[in-house]
Amino acid sequence: LGSLAPVGELLKPLDPQLVSVVEQDPSVFTLPATQAGGGDRFVELFRSCAPYIKMHQGRTIVLHISSLVLEHSSLFEETMVDLSILSLLGVRVVLVVGMHGQVDDAVR
């Protein structure tokens, strides 16, 4: 996926004549009671992460994971989602997969 382009390159000038207003019933956007308040925590968390996102954007990081992760599909999928998010945030990820378990099994 690569790094994201700077915001100035992504956002193009908008012709005001092409903008229109569509009125919506605000109740459409109301969260169910079980989710109320969760959005505020997300925004607060995301804002607190912003300096770290900026600090690592465009940088290369090397991550080592155990080969055992490959043997557990749900853990593997979660790991890949996390690595994809890092990539979307502009971090170049180099993934090194350990083979300790497989080597030990082959030697026995």
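Computed from a predicted structure; not experimentally measured.
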Among residues at least two apart in sequence or on other chains, which ones pass side chain to side chain contact (heavy atoms under 4.5 Å, CB included) with Val107?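 Only Val103 meet the side chain to side chain contact (heavy atoms under 4.5 Å, CB included) criterion with Val107.
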Residues which pass side chain to side chain contact (heavy atoms under 4.5 Å, CB included) with Asp105, listed by chain and number, not counting sequence neighbours: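 With sequence neighbours excluded, Asp105 shows a side chain to side chain contact (heavy atoms under 4.5 Å, CB included) to Arg108, given in chain and number order.
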CG/Leu75 to CG/Leu70 distance, rounded to the nearest 0.5 angstrom?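 Here the interatomic distance stands at 9.5 Å.
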Which distance, rounded to the nearest 0.5 Å, do you find between the CZ of Phe76 and the CG of Leu68?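 If I round to the nearest 0.5 Å, the distance is 13.5 Å.
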Are the side chains of Leu83 and Leu63 in touch, meaning some heavy atoms are under 4.5 Å apart?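 When only atoms from C-beta onward are counted, Leu63 and Leu83 do touch, with a gap below 4.5 Å.
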Of Val94, Val93, Leu95, the residue whose pairing with Val62 passes side chain to side chain contact (heavy atoms under 4.5 Å, CB included):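 Checked Val94, Val93, Leu95 against Val62; only one passes side chain to side chain contact (heavy atoms under 4.5 Å, CB included): Val94.
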Only counting residues at least two apart or in another chain, list the ones meeting ring-ring contact (aromatic ring centres under 6.0 Å, His included) with Tyr52.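 ring-ring contact (aromatic ring centres under 6.0 Å, His included) list for Tyr52, sorted by chain: empty.
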List the steps and the verdict of side chain to side chain contact (heavy atoms under 4.5 Å, CB included) for Ile85 and Leu89. CA-CA 6 Å; Ile85 292 169; Leu89 293 172; 4.0 Å; yes
Pairs touching residues 60-79 that satisfy side chain to side chain donor-acceptor pair (under 3.5 Å), sequence neighbours left out: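 Of all non-adjacent pairs touching residues 60-79, those that pass side chain to side chain donor-acceptor pair (under 3.5 Å) are Thr60-Arg92, Ser67-Gln102.
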Following the transitive rule for hydrophobic clusters with a side-chain heavy-atom cut-off under 4.5 Å over Ile, Leu, Val, Met, Phe, Trp and Tyr, establish whether Met80 and Val91 coincide in one cluster.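 Linked within one cluster.
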Hey, what else clusters with Leu45 if you join Ile, Leu, Val, Met, Phe, Trp, Tyr whenever side-chain heavy atoms sit under 4.5 Å?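 Members alongside Leu45: none; it stands by itself.
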